[in-house]
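First the structure, in the form of structure tokens, and then the observations on it.
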Amino acid sequence: MVKLSIKKPGKSKAATSESGPASEDTRPESSAAKTPADGISSKGNLLRNAALTGVLGVVLPAALTFAYLNLLRAPDSRDAIVTQVAQSYAATQAAGVSRSIEGLRRQLVSAAKSDFAVGGVSTTASPVPDDDADASPLAATAAGLETREQMLRAYFPDAISLRFIPLSSLGTARLDGQAEGLRNLIELDLVRRASNGEQPMPEAYQQDGEWVLSLAQAVTSDRKEGESAVLLVSFSGKTLSALLSFPPGLTAGTGGSPGSFTLEQRVYSGKLSKDITIATLGTPSGLPTQSSDVPNSNWRVQFQPSRDLARLLDSRVNPDYDALAVFLLLSLLGLLLTVILIRR
């Protein structure tokens, strides 16, 4: 006979329970155990993450700051410096033009106070009576006026003309232009203003296709109250051009082309006005210009820097790299300190 043996479930559970604790003891032990290598790896990862974060925290702001200094702030700084230098040159030139005109005016005032001018003050341009002992014979005839003018020309060797214009006690009533040899309405206006006690501003105008600069000054006499004359002196366009000059040192480093100066005069026609060019110096470059008014005149000076001068000024503009370097140094020190603290 064959005997069949049937295992009881309880015994199987018992066997399982007997072996279970052993396996349960080994499992927690294997999962809980940590090797020294695992700790080093975890600490290294933390250090790398901190270093990477620190580097990004330094490099990214530094890159943004560098881009700002070079792309945004540096061009503005260069433009500001070019504008400032151009404005300074325009103001310097305007002051120089003013000094030159004042020098001519002082000569004119000196000539008007001379005996040659004061002695020529007469009530009429016709021959004087013989019993008028105070009248100068040089003021009596056209020849006498011409002689007097030749004497006064010694004060202005560069002048192209000098006219001594006697006025009656009626002042401007005798001024019809043609009778006194005045060539245009501008000269007539200069004489009118001077005879009224004003100090006319210098006037530049074209005569026969050539530029002329004219100034007028009243001549008075203490011996003949109420009588006067006017000195009208005119210079050629060369005198106008000579008013402009490059300041010393301006051409250095610019290849001899620092820019261009333009002398302009404002003219009026009714309620309208416009600026006309009366003298230039240098070659235009197309860059923005800066202007400055000439004192005691209706003139102004414009200066346009050359591209060579603009490049020279650009080369001298340095962004705030010093501040950027300090920022990087402090950031790196902070990063180093962070790494040291993490390693501890």
Side-chain angles (χ1 to χ4, degrees), residues 73-106 186 189-190 193 198-207 209-216 234-317:
R73 185 169 181 177
D76 291 341
S77 299
R78 294 188 183 100
D79 292 343
I81 288 180
V82 172
T83 299
Q84 182 179 359
V85 170
Q87 181 63 50
S88 175
Y89 286 150
T92 301
Q93 190 71 253
V97 171
S98 179
R99 286 193 297 269
S100 298
I101 294 297
E102 288 303 315
L104 293 176
R105 190 175 296 282
R106 284 193 297 270
I186 296 176
D189 184 63
L190 282 170
R193 291 176 180 273
E198 302 178 26
Q199 188 178 70
M201 292 183 291
E203 290 285 350
Y205 50 90
Q206 284 192 324
Q207 182 67 33
E210 300 292 335
W211 280 105
V212 176
L213 168 64
S214 293
L215 297 93
S234 299
F235 301 88
S236 68
K238 292 182 179 179
T239 301
L240 273 175
S241 299
L243 295 175
L244 300 176
S245 62
F246 290 121
L250 181 57
T251 58
T254 60
S257 178
S260 64
F261 286 104
T262 303
L263 182 59
E264 296 182 340
Q265 177 176 271
R266 176 152 295 185
V267 296
Y268 298 89
S269 177
K271 295 182 178 180
L272 301 178
S273 65
K274 65 177 181 178
D275 295 320
I276 60 173
T277 299
I278 59 178
T280 59
L281 175 66
T283 304
S285 64
L287 295 178
T289 62
Q290 299 297 320
S291 62
S292 180
D293 293 335
V294 178
N296 302 318
S297 74
N298 55 350
W299 295 355
R300 71 173 182 176
V301 172
Q302 286 195 337
F303 177 70
Q304 187 178 68
S306 68
R307 298 190 181 277
D308 290 336
L309 177 60
R311 281 193 290 268
L312 178 63
L313 296 175
D314 285 348
S315 65
R316 297 179 179 180
V317 176

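Just so it is clear, the values below take in all heavy atoms, side chains as well, and ignore hydrogens, waters and symmetry mates. In this chain, numbering begins with 1 at the start of the sequence shown.
With Ser306 contributing its side chain and Leu309 its backbone, the two residues share a donor-acceptor pair below 3.5 Å. Side-chain N or O atoms of Thr92 include one that pairs as donor or acceptor with a backbone N or O of Ser88 at under 3.5 Å. Panel note: side chain Gln87, backbone Ser291; a donor-acceptor pair is recorded below 3.5 Å.
Looking at Phe235 and Leu215, their side chains come closer than 4.5 Å, going by heavy atoms from C-beta outward. Residues Phe261 and Val97 are not in side-chain contact: their nearest non-hydrogen atoms beyond the backbone lie 4.5 Å or more apart. Val85 is not listed as a side-chain neighbour of Pro305, based on a closest heavy-atom distance of 4.5 Å or more. In this structure the side chain of Glu102 reaches within 4.5 angstrom of the side chain of Asn296, judged on heavy atoms. Glu203 places a side-chain heavy atom less than 4.5 Å from the side chain of Asn298. Counting heavy atoms from C-beta on, the side chains of Ile278 and Leu213 never come closer than 4.5 Å.
Considering only residues two or more places apart in sequence or on other chains, Ala90 meets the side-chain contact (heavy atoms from CB on, under 4.5 Å) condition with Ser292, Phe303. Residues satisfying the side-chain contact (heavy atoms from CB on, under 4.5 Å) test with Pro284, not counting sequence neighbours, are Ser260, Gln304.
Atoms OH and CD, on Tyr205 and Gln265 in that order, are 10.5 Å from each other to the nearest 0.5 Å. The structure places NZ of Lys274 at 12.0 Å from CD of Glu264, a figure rounded to the nearest 0.5 Å. For the atom pair Trp299 CH2 and Ile276 CD1, the distance stands at 10.5 Å (nearest 0.5 Å). To the nearest 0.5 Å, atoms CH2 (Trp211) and OG1 (Thr239) are separated by 14.0 Å. The structure places CZ of Arg307 at 4.5 Å from CG of Leu287, a figure rounded to the nearest 0.5 Å. Going from atom CZ of Arg266 over to atom CE of Met201 covers 11.5 Å, rounded to the nearest 0.5 Å.
Pro202 pairs with exactly one of Ser100, Ser297, Ser214 by the side-chain contact (heavy atoms from CB on, under 4.5 Å) rule, that one being Ser297.
In this structure, Gln206 places its CD atom where more than 12 heavy-atom neighbours from other residues, nucleotides or ligands lie under 6.0 Å away. By the neighbour-count criterion of 12 heavy atoms within 6.0 Å, atom CD of Gln84 is sparsely surrounded, having that number or fewer from other residues, nucleotides or ligands.
Between Pro200 and Arg193, the shortest heavy-atom contact is CG-CB, 3.7 Å. Here the closest heavy-atom approach between residue Gln93 and residue Leu244 is recorded as OE1-CA, 3.6 Å.
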